[in-house]
**Q** 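Provided herewith is a single structure, encoded as structure tokens, for subsequent inquiry.
Note that ligands are numbered from 1 as they come in the structure, with each ligand's atoms numbered from 1 the same way. Numbering starts at 1 and runs along the sequence shown.
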Amino acid sequence: MPELRFQPAAGLRGHRPGEPGAVLLDLEGVAVSVAIACDSSVRLRAAPSALAPDDSEAVGLLPWRPSPAEPFAEDDGRILLAFDGPEGAATVVIEPEPFAVQVRDRDGQSLARLSGLAFEPGGAGRIALDAHPNEHFFGFGEKTGRLDKRGSELRMRCRDANIQLDSDPLYVSIPFFLGFGHKAQVPQARGVLLHAIAPSRFDVARADPERVVMETLAGGIDVTIFPGPSPADVLRRFTGWVGRTPLPPLWALGHHQSRWSYRTEREVRALAREYRRRAIPTDAIHLDIDYMDGYRVFTWDARRFPQPKRLLRDLASEGFRVVTIIDPGVKVDPGYAVFREGRGKDVFCRRDDRSLYTLRVWPKDAALPDFNRPEVRQWWGEQHEPLLAAGVAGIWNDMNEPAGWDKDVRLGRLMVPYRFQDTTRLRQADPVDPTRSVPHEHVRNIYGQQECRATRTWLEAAAPDRRAFVLSRSGYAGIQRFAAIWTGDNASRWSQLRLSLPMLMNLSLSGVAFCGADIGGFAWNCTPELYARWIQIGALYPFARTHSMLWVRRQEPWRFGRRVEAIARRALELRMRLLPYLYGLFRESERIGAPVWRPLFYEFPEDEQSVGVDDEVMVGPALLAAPILEKGARARDVYLPPGVWISLDDDARYTGPRQVRILAPLERVPLFVRGGAVLPTRSPTRHVGETPSEPLVLEVFPGADSETEVVEDDGESTDYRSGAFARTALRVRDRAGGRLRLELGPREGRFAVPNRRVRAVFHAALPPRQVYLDARPLTPGSTLPGFSWADGRVEVFFEDDGHARSIELDPAP
Ligand code: GLC
């Protein structure tokens with residue numbers, strides 16, 4: 001963004017009621033609206049002249065839910081707006097001179113203060129938020145660097161950039177952050193969205209440690225405060241407006257294998273065969289740009305992929321789904337039907353002189369569909385028909401920042417893109433009123449999101465009973481409604497493996513639950529050790545895909561020798577085993593916006609020491625991963641937050657808060673389960689479609705009481721939305737003297753689960769004197785029901801027919 005000259009807004013000159021729940025303010029020509037939503041979020045919109053219509057729904061956010069709050073003026077000239085409802089309470093105090101807006105909670109505590117509203121003659125806007133000295137800042141979408149962004153300057157302009165350790169901005173722009181810190185030992189979280197689809201900039205308490213300054217290039221100021229008090233409350237409110245991650249199909253939670261490119265049908269078949277022959281769990285294969293005919297989207301290369309339908313059918317019979325890449329750039333080629341039809345229907349973006357805008361991408365000159373127009377989104381969606389008919393299971397939307405370059409330059413033997421792309425004369429439709437055109441820069445940050453919206457909306461309409469899978473490189477706030485995100489072009493470097501942790505945690509805190517980084521790294525050659533360490537944690541990324549670049553060493557597990565292959569198999573088998581747990585996390589995400597990957601402080605907000613930790617991650621509430629992130633390291637220090645922790649591989653028991661040194665030979669990734677947790681797991685299979693020998697194993701970790709649930713459904717259809725799922729409540733009761741009780745509630749819901757043998761594994765348990773099932777003593781042995789005890793684990797086998805069950809361990813005195 002250019003340096004801008006801002007004029008501060010004047011003081012308050014008048015006010016009147018606005019839309020429901022809002023007050024309109026006049027600041028000598030500057031128009032401001034302040035509104036409270038029924039979930040108690042507070043939104044301030046401001047513009048140098050009149051307020052433009054709210055564009056949030058037009059760009060893919062959910063409807064703003066107004067409260068019935070009404071303004072009233074106090075004697076001292078302050079205006080108050082207050083609301084108290086079942087989802088929260090907020091009071092807004094508008095200070096007239098100098099103009100400022102204060103948000104308070106039900107107890108009168110200040111949640112936020114916005115001040116310093118200013119505009120620049122070209123339409124750019126600025127506003128500041130008070131930061132308290134103990135506050136840390138997270139989120140901001142896809143960002144490099146540390147987890148806590150205090151002290152940095154961050155930019156939002158979707159851009160194709162190789163990830164360097166300090167690259168900013170990157171492909172995704174989510175102008176949302178979570179402020180979190182302790183005020184007199186009490187944790188406090190709040191969220192802030194600067195809704196701006198034009199580029200924006202944040203000074204995160206850098207120039208002034210007590211202020212976060214936010215600027216947008218165009219479109220006025222539109223900022224919303226989401227109250228806490230916990231990070232989970234903030235995420236629930238934020239995603240309640242921008243949207244949540246729809247439950248993915250189960251296969252999409254398996255491992256994906258990708259490469260630029262698997263170039264021929266033969267190569268793809270050989271890849272699939274190797275995976276199955278070596279029994280390494282994998283569910284999806286991605287086809288990068290070379291499957292197409294000359295990079296023409298929605299086509300197949302007739303020589304290299306002569307019979308896609310047959311290929312995909314054969315792969316499906318082996319349990320592989322195929323995801324194909326689709327870039328937005330349509331090759332300018334009058335002989336190519338998609339381009340011809342698109343031009344005939346006038347779907348492509350134009351320059352200010354109305355000429356067709358083209359940019360250089362893989363097919364050389366390409367035209368860009370204007371996804372801000374609903375009919376163009378519809379047209380784009382329809383282009384997917386042949387892919388769907390061929391059996392393609394998901395769509396990978398790349399280069400949608402949009403990315404391209406002005407020319408190719410020679411670098412040694414290679415021609416590489418020179419990544420400057422002049423968009424100054426590019427125009428697009430105004431999303432609110434598509435008959436009007438606006439500079440592309442003013443709407444740039446939703447280009448990729450609107451493409452994914454087109455794709456997903458059409459996929460869902462074309463196959464309404466099937467859950468869609470879309471993967472995107474670019475996105476804006478709410479992208480999770482339409483697509484999963486991978487973090488783009490990283491590199492096979494230890495520093496980038498390390499970076500993936502804070503990066504994915506911040507992306508997760510920005511609403512994107514389904515996210516991952518290219519396992520093994522995209523650019524450069526991966527070493528066996530790096531690959532081993534990467535897949536160990538990559539197998540626990542919410543979205544787990546291995547991908548690598550043209551020219552580099554192949555990144556299938558068996559390319560790194562037998563030892564590393566075994567490590568990869570084990571890591572992916574662990575993911576398979578954890579699928580029922582992961583699946584439950586994704587359901588939570590769809591229901592309440594909870595992320596799958598969480599920084600420690602999200603789960604332990606009381607614990608001040610957790611705030612700085614960014615080389616460990618909580619996968620849901622129960623599993624802490626402390627991966628090895630350094631070359632040659634065979635041990636690491638792990639910080640364990642308060643409570644009991646049990647090491648997943650040897651059942652060693654620790655009590656936090658404390659720092660422990662954990663040995664980690666190449667085969668081992670340090671993983672800990674929170675005491676009291678029950679992890680629903682299954683036995684691993686080579687893909688999710690295979691029936692596991694044990695569909696449900698309940699792994700119980702003593703140390704506290706807990707309540708959770710396991711949810712089962714067909715994993716594929718949308719029937720769960722109308723109640724076709726089975727839900728079993730699980731309760732752990734940890735009594736004095738090592739007495740442990742696990743209760744299964746009666747199975748509820750409308751999804752039929754056949755009677756089956758279930759195993760409950762009690763980790764770190766004392767040798768039992770007696771084991772009871774439904775209060776009746778069990779005899780040792782594996783006949784049903786029965787139990788065994790070995791190596792500190794008690795295993796109980798029983799028939800699960802959907803009725804409530806209780807298991808109790810009574811240890812020997
Ligand atoms: C971009 C993508 C990368 C892909 C390549 C070729 O660089 O980020 O994942 O492999 O384009 O399509």
**Q** Minimum heavy-atom separation for Glu573 and Pro281, please, with both atom names.
**A** CG-CG, 3.8 Å
**Q** I want to know if ligand 1 touches Asp288 in the polar sense, i.e. an N/O pair below 3.5 angstrom.
**A** yes
**Q** For atom 3 (C) of ligand 1, which of Leu550, Asp489, Val361, Leu471 has the closest heavy atom?
**A** Asp489
**Q** Which of these passes side-chain contact (heavy atoms from CB on, under 4.5 Å) with Gln480: Val242, Ile485, Leu507?
**A** Val242
**Q** Could you measure the distance from the OH atom of Tyr357 to the CZ atom of Arg427? Nearest 0.5 Å is fine.
**A** 14.0 Å
**Q** Going by atom types alone, do Ser500 and Tyr541 pair a side-chain donor with an acceptor below 3.5 Å?
**A** yes
**Q** Using the rule ring pair (Phe, Tyr, Trp, His ring centres under 6.0 Å), only one of Phe348, Trp458, Phe298 pairs with Trp380; which is it?
**A** Phe298
**Q** For Ile289, take its heavy atoms, then give the atoms of ligand 1 lying under 4.0 Å from any of them.
**A** 6 (C), 12 (O)
**Q** Quick one: which ligand 1 atoms are inside 4.0 Å of a heavy atom on Ile325?
**A** 12 (O)
**Q** Could you tell me, atom by atom, which parts of ligand 1 come under 4.0 Å of a heavy atom of Trp486?
**A** 8 (O), 9 (O)
**Q** What residues form a side-chain hydrogen bond (donor to acceptor under 3.5 Å, both in side chains) with Thr455, not counting sequence neighbours?
**A** Asn397
**Q** Using a strict 4.0 Å cut-off to heavy atoms of Phe522, name the atoms of ligand 1 that fall inside it.
**A** 3 (C), 7 (O), 9 (O), 10 (O)
**Q** State the atoms of ligand 1, each with its element, that fall below the 4.0 Å cut-off from a heavy-atom position in Arg473.
**A** 1 (C), 2 (C), 7 (O), 8 (O)
**Q** Any idea which part of His547 is under 4.0 Å from ligand 1, heavy-atom wise: side chain, backbone, both or neither?
**A** side chain
**Q** As a check for students: among Trp396, Trp260, Tyr295, identify the option with a heavy atom nearest to atom 5 (C) of ligand 1.
**A** Trp260
**Q** Under 30°, 30 to 60°, or over 60°: which ring-plane class applies to Trp362 and Tyr295, parallel, tilted or perpendicular?
**A** tilted
